[in-house]
Structure formats: C-alpha cells, structure tokens
Number of protein chains: 2
Amino acid sequence: MVIPSKQITDAWISLMRAQQVALRQAERALRHAGLPPYGWYDALWELEKAGEIGLRIHQIERQILIAQSNVSRLIDRLEAAGCVERKPSPDDGRGQVIFITDQGRTTRAAMWPIYAAAIQEAVGAHLTDGNATILAGLLRPIIENRETGL
Amino acid sequence: MVIPSKQITDAWISLMRAQQVALRQAERALRHAGLPPYGWYDALWELEKAGEIGLRIHQIERQILIAQSNVSRLIDRLEAAGCVERKPSPDDGRGQVIFITDQGRTTRAAMWPIYAAAIQEAVGAHLTDGNATILAGLLRPIIENRETGL
DNA sequence: CCAATCTCCATGCGATCGCATGAATATATA
DNA sequence: TATATATTCATGCGATCGCATGGAGATTGG
C-alpha cells in the first residue's frame, strides 16, 4: 500500500482548506449582495460561452464537475428564475439542450462585479500572476484525473 | 473596482475544481469501504493530536475550518458513535471539552489506510514532493486570509 | 455590584448534496 | 429484427450545509 508523503498530505490538507475558505468568502459576498450563489455563475458562464448552440446536461456536468443529479436540479432552479430554457434535443429523444436567456445573461453580468471582487480578495490578493499560473498548473492534473479516475 | 487578472481567475477555477474532484474521490473511497466520511477523520485526527487535553468546540472550528454549527453537529455524530466524549469545561461554564475515545482512535486508524490511498491517488500521483510543497506554500496565504478576512 | 456586551454552543429551518433508482431512448449484438 | 446493454436525465431519500437565532455563562465598565 502506498502511503502519501508528508509533503503530499500537507498539500492535500491545504487544498481542502483553501478551497473551503475561498469559496465561503465568495458565497458570502454574493449572498450579502442579494445575488444567486456561485453555482449559478459557473453554469451561466458555460452556457453563455456555448451561445446559441446550447449545452446538453451531461456537457454541463463535465464542464463544471458537479454530479449529474445536481446539474439537473441546478437547471431546474435556473429555469424557474427564467435564466435558461430547456428544449428537447433534435438529435436525441432522451435528451435536451439548455440555452441561456437574456435574463440569464443579465443575471450573470450582475453577479460578475461581486464575484470578481470576491475572487480578487480571496485569491488574487495573495498571488502574483506568475504564481497563479504555477498554482493552476499544479492543480490541472488533479482535475483531469477525474477523466481517467472513474 | 479591482478585476482579477486572467491568471488569477484561472487559479480560482482550478482551485474550485481540483478540490471538488479530489474530495469526491476520497469520500467515495471511504464510503465504498464502509467507513465514515472525510470530516470525521479531520476532527478525530485533531482530537487525537490534542490527546488528554482535549479540544474546545471553537478550537476544532478553527482547526478544521468548518462553520461552528457544523462542528457542533459533527461532534453530535461522533459522540453518538462513541468516538468522542463531551465533558463540561472546568474553566468555562458555557463550554465543554471534547476528548477522543479508544473507539475514536480505532475508527481513525481504520480510516487511515483508505484515506491515505485516496490522497495518494487523487493528489500524490500527480505531484512530486517538491511540487507538493510549492502548492501548499501557494495556498497558505489563502487559508490564512480567513483570520484577517472577516 | 449591576448592566451592557460578548463569547460559547445548540438548534430550527430551508437549501443543497450524493446516492440509488427508474423511465425513456439509443446503440450494439446476436 | 429482436434482445441485451448503455446513455440521458429526473426524482425520492436521507444526510449535511450555512444562516439566523437564542439561551447561558463570561467579561467589561461604570
């Protein structure tokens, strides 16, 4: 059995803690501004980038890396708020395509200043751009492990 | 208003994604082995390090960085499982001191092999020890921001 | 010593999570 | 073609989360 080194264990703990601290700061900032949570931004941004092509549920799942059932319900909430539209997929009778609406674009745009400030405060204030690039580079293989992992 | 640079935003996203991917892998491994979740390990380990001195609820909160109400309920669960004991604090009538029990030590020890393997697979497999140290170093100020933050 | 304030902790509440499952359609295989 | 398998997505369920609140004991300042 392979035991992780002290360095790896420290990195693990740092990763767990840092994300929680940073995410909570951002969620709190959004909430205090009367805006929807982080997850909405994440999904809306992917949908906005996808444009008129839209995205399938499972594509969103792979993009933002949350469980399928949670994508389904996140889209429920976004739809109820008028931020997205579900349309049946022309190619696949099981599926559907999700499109962002004007309301969705407006909501995302309204979130951005608060969200951006929170990112800056939680992460940006502590990293040079160079170090941010290094950090992202070190984390990339951990993220991509999902593909191969299971 | 300060807008985060592209590099900072990328680092933010990487941090969010990497932690989620890694944590979910670990949670899944523990669950599949019929073991308690990550949070239990975290708390039990702090309590084991604290030894016979025990820890106050708010100390646990600061160590493992979860909200106070969640510490309270985590301790409820650990107590129900016989893993910890609550004793009234001799110094502070409001408070209590939490101690790990033999059962708690046994549980933590049973979790470690699975947890360790998950850390190794999720993080260790992708980082040299040197890079792990760099990663932890880059994340540290983000974690410590909690203190000063709010 | 009393009142105002603060700290410590538990709990109600609504929201979200992951898992397991199931229904419907698509795809592969015999 | 007929059947087995796989994919797509929604939903029930129990567990956990963050927030807001409140009670009880400490602490501080007059």
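Numbered from 1 within each chain, the chains take letters A, B, ... in sequence-line order.
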Select one nucleotide: of [options], the one nearest the side-chain heavy atoms of [X].
| X | options | result |
| --- | --- | --- |
| B/S72 | D/dT8, D/dC19, C/dA10 | C/dA10 |
| A/D76 | D/dC17, D/dT11, C/dT11 | D/dT11 |
| B/R28 | C/dC19, D/dC9, C/dA10 | C/dC19 |

Given atom [atom1] of [X] and atom [atom2] of [N], what is their separation to the nearest angstrom?
| X | N | atom1 | atom2 | answer |
| --- | --- | --- | --- | --- |
| A/E61 | D/dT7 | CD | C1' | 11 Å |
| B/L23 | D/dT16 | CG | P | 13 Å |
| A/I98 | D/dT8 | CD1 | C1' | 12 Å |
| B/E27 | C/dC19 | CD | C1' | 13 Å |
| B/Q68 | D/dT16 | CD | P | 17 Å |
| B/L30 | D/dT16 | CG | P | 13 Å |
| A/Y38 | D/dC17 | OH | C1' | 17 Å |
| B/R77 | D/dG14 | CZ | C1' | 12 Å |

Problem - Results of salt bridge (charged side-chain N to carboxylate O under 4.0 Å, His left out) for A/E48 - residues two or more places apart only - result: A/R108
Can you find a side chain N or O atom of [X] that sits less than 4.0 Å from OP1 or OP2 on [N]?
| X | N | result |
| --- | --- | --- |
| B/Q59 | C/dC8 | no |
| A/H58 | D/dC9 | yes |
| A/R94 | C/dG22 | no |
| A/R56 | D/dC9 | yes |

Exercise for the section: Hey, could you give me the CD/OG distance between A/Q120 and B/S5, rounded to the nearest 0.5 Å? Expected result: 7.0 Å
Problem - Rounded distance (nearest 0.5 Å) linking atom CZ of A/R28 with atom CG of A/L30 - result: 12.0 Å
Should [X] and [Y] count as an ion pair when the cut-off is N to O under 4.0 Å?
| X | Y | answer |
| --- | --- | --- |
| B/R17 | A/D42 | yes |
| B/D92 | B/R56 | yes |
| B/R105 | B/D102 | yes |
| A/E46 | A/K49 | yes |

Exercise for the section: Pick base, sugar-phosphate or nothing for B/Q96, based on heavy-atom distances below 4.0 Å to the nucleic acid. Expected result: sugar-phosphate
Completion exercise
The residue, B/W40 or A/R31, whose nearest nucleotide of DNA chain D is more 5′ is B/W40
Exercise for the section: Let me know, please, whether B/I66 or A/I57 comes out on the 5' side of the other along DNA chain D by nearest nucleotide. Expected result: A/I57
Completion exercise
Note: contacts of residues 79-93 of chain A with DNA chain C (heavy atom, under 4.0 Å) are A/D92, A/G93
Exercise for the section: Kindly indicate whether the side chain of B/S69 and the base of D/dC19 share any N or O donor-acceptor pair separated by less than 3.5 Å? Expected result: yes
Problem - Side-chain-base donor-acceptor pair under 3.5 Å for B/R73 and C/dG12 - result: yes
Handout entry: side chain to side chain contact (heavy atoms under 4.5 Å, CB included) partner of B/S14, the single match among A/I142, A/L135, A/I143, A/L138
Key = A/I143
